[in-house]
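In this chain, residues are counted from 1 in sequence order. The basis for the numbers below is simple: all heavy atoms, side chains too, and nothing from hydrogens, waters or symmetry mates.
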Amino acid sequence: MTDTSAMAKHGGGFTVKRAMTAILAFQIGMAVVLAGSDLLGSLPQLLSGPDAPAMDAPIAPGDQVRRFRPGDLPQRDRGNPDRQTPIPDPGDMPTRLRFSVEQDVALLTGQIAPGDAARFTEWLDADATFDTIRLHSPGGSVADALAIGRTIRENALATMMEPGDICLSACPYVLVGGTTRSVPDTAMVGVHQHYFGENTALPAFLAIEDIQFGQGEVMAHLDDMGIDVRLMQPALTTPPEAIYLLLPDELERYGITVSDDAPAASGG
């Protein structure tokens, strides 16, 4: 009779350790294959961007998706008066939120960086001589945008934009925090999918839990602010490298624009 323990000791038999090693190697191999196929499939889009017009192309109903890179916004086209959505020079965009005050209006401009919510709260506590927040931002950190929006509502501040201003990506979650919200027709408000901080080089299935949790937080925020959560439909169907630009009637339909005689919900 063969001594199986001796065979295992000398590597001549099947052991639990070898089985676990084989399973682990198989799982790693499958992960590499899936990651590789996912990356290869998206490589053309990563190189050339989505099949959509540039940001400076006029929008119309049913034609509202535009290519979007926060660090590469097109410059204002002063020679084209027919363009419906003028875009400010990207030089106006700091890499994190910049706070300033003119009379009774505070201006928040720039990308929303991690930690900006805490900076905003500190700044608000130190200088609360205004009752309105003007926004001009290409977006950024979703978590910070949600927190800033909540802080704005808790302090009963209004939000607004001026002609030519932009509020894209995560910025609308700040905008909806206002007790009243004003957006002129020539301002630009846009939504899309968010990464929620995951490593975008990994296939989506590895980050699905974080994505679902993040989307749940966004929906709860919109509901708390009195916004129609159907706004998530164009957001979820527009990839992160593109932006869905909302038309004035959509801003009104979803409850984003709210006038003084129609106050926003109290929020939570």
Side-chain angles (χ1 to χ4, degrees), residues 68-73 88 90 92-101 105-128 130 132-161 165-179 181 183 187-200 207 209-227 229 231-232 235-236 238-241 243-244 246 256 264 267-268:
F68 175 67
R69 290 198 301 171
D72 190 26
L73 293 172
D92 295 336
M93 286 293 156
T95 56
R96 69 182 313 164
L97 281 181
R98 182 173 62 202
F99 313 128
S100 59
V101 181
V105 176
L107 174 61
L108 272 61
T109 184
Q111 297 186 41
I112 305 170
D116 277 351
R119 291 179 56 240
F120 175 72
T121 299
E122 293 175 2
W123 177 74
L124 189 64
D125 291 341
D127 188 359
F130 48 84
T132 301
I133 301 284
R134 175 187 165 194
L135 295 168
H136 182 44
S137 169
S141 167
V142 176
D144 285 81
L146 295 175
I148 293 171
R150 288 192 295 268
T151 300
I152 288 174
R153 182 63 63 88
E154 290 167 359
N155 285 270
L157 300 172
T159 54
M160 63 165 290
M161 299 173 65
D165 286 347
I166 63 174
C167 185
L168 308 174
S169 186
C171 177
Y173 309 140
V174 179
L175 175 65
V176 301
T179 53
R181 305 180 284 273
V183 179
M188 183 182 291
V189 179
V191 294
H192 64 177
Q193 298 170 7
H194 297 296
Y195 286 120
F196 295 103
E198 80 272 11
N199 185 341
T200 58
E209 183 177 349
D210 287 342
I211 292 172
Q212 289 181 336
F213 180 80
Q215 296 291 4
E217 285 198 319
V218 168
M219 292 183 68
H221 178 74
L222 294 175
D223 186 55
D224 287 344
M225 298 298 108
I227 304 301
V229 295
L231 173 63
M232 294 298 292
L236 291 174
T238 304
E241 63 274 11
I243 199 81
Y244 180 93
L246 294 159
I256 295 175

Pair Met232, Val218 - check side-chain contact (heavy atoms from CB on, under 4.5 Å), show working.
CA-CA 9 Å; Met232 294 298 292; Val218 168; 3.6 Å; yes
In this structure, CZ of Arg98 is separated from OG1 of Thr109 (nearest 0.5 Å) by 5.5 Å
Out of curiosity, Leu175 CG to Ile227 CD1, how far, rounded to the nearest 0.5 Å?
8.0 Å
On a heavy-atom basis, which atom in Asp116 and which in Phe99 lie closest, and how many Å separate them?
O-CZ, 4.2 Å
Are any non-hydrogen side-chain atoms of His221 and Val176 less than 4.5 angstrom apart?
yes
Is there a side-chain contact between Pro240 and His194 (heavy atoms, below 4.5 Å)?
no
Nearest 0.5 angstrom please: Met225 CE to Leu222 CG, how far?
9.0 Å
Side-chain touch Met161/Arg134, heavy atoms, less than 4.5 angstrom:
no
Scanning both residues in full, the closest heavy-atom pair of Ala117 with Ile148 reads CA-CG1, 3.7 Å
If you look at every heavy atom in Pro114 and Ser141, which pair is closest and at what distance?
N-CB, 4.0 Å
Interatomic distance, Ser137 atom OG to Gln111 atom CD [nearest 0.5 angstrom]
7.5 Å
Kindly indicate whether the side chain of Phe130, heavy atoms from C-beta on, has any atom under 4.5 Å from the side chain of Leu157.
yes
Side chains of Thr159 and Thr132 in contact at under 4.5 Å (non-hydrogen atoms)
no
What distance do Leu231 atom CG and Asp223 atom CG have between them, rounded to the nearest 0.5 Å?
12.5 Å
Does any part of the side chain of Tyr244, heavy atoms only, come nearer than 4.5 Å to the side chain of Gln193, both counted from C-beta?
no
Dump the intermediate steps for side-chain contact (heavy atoms from CB on, under 4.5 Å) on Val101 and Leu107, then the final yes or no.
CA-CA 6 Å; Val101 181; Leu107 174 61; over 6 Å; no
Working to the nearest 0.5 angstrom, can you tell me the gap between Ile166 CD1 and Cys171 SG?
8.0 Å
Ignoring hydrogens, what is the shortest heavy-atom contact between Cys167 and Leu135? Give both atom names and the distance.
SG-CD1, 4.3 Å
Steps toward side-chain contact (heavy atoms from CB on, under 4.5 Å) verdict (Trp123, Leu97):
CA-CA 11 Å; Trp123 177 74; Leu97 281 181; over 6 Å; no
Test log, rule side-chain contact (heavy atoms from CB on, under 4.5 Å), inputs Leu124 and Asn155:
CA-CA 9 Å; Leu124 189 64; Asn155 285 270; 3.4 Å; yes
Has the side chain of Asp144 got a donor or acceptor atom that lies under 3.5 Å from a matching backbone atom of Ile112?
no
Which atom names give the shortest non-hydrogen contact between Ser169 and Phe68, and what distance separates them?
CB-CE2, 4.3 Å
Within the structure provided, determine whether His192 and Glu241 are in side-chain contact (heavy-atom separation under 4.5 Å).
no
So which atom in Leu168 and which in Val189 form the shortest heavy-atom distance, rounded to 0.1 Å?
CD2-C, 4.1 Å
Within a strict 4.5 Å, meaning less than it, do heavy atoms of the Met160 and Arg181 side chains meet?
no
So, Arg153 side chain and Arg150 main chain: donor-acceptor pair closer than 3.5 Å or not?
no
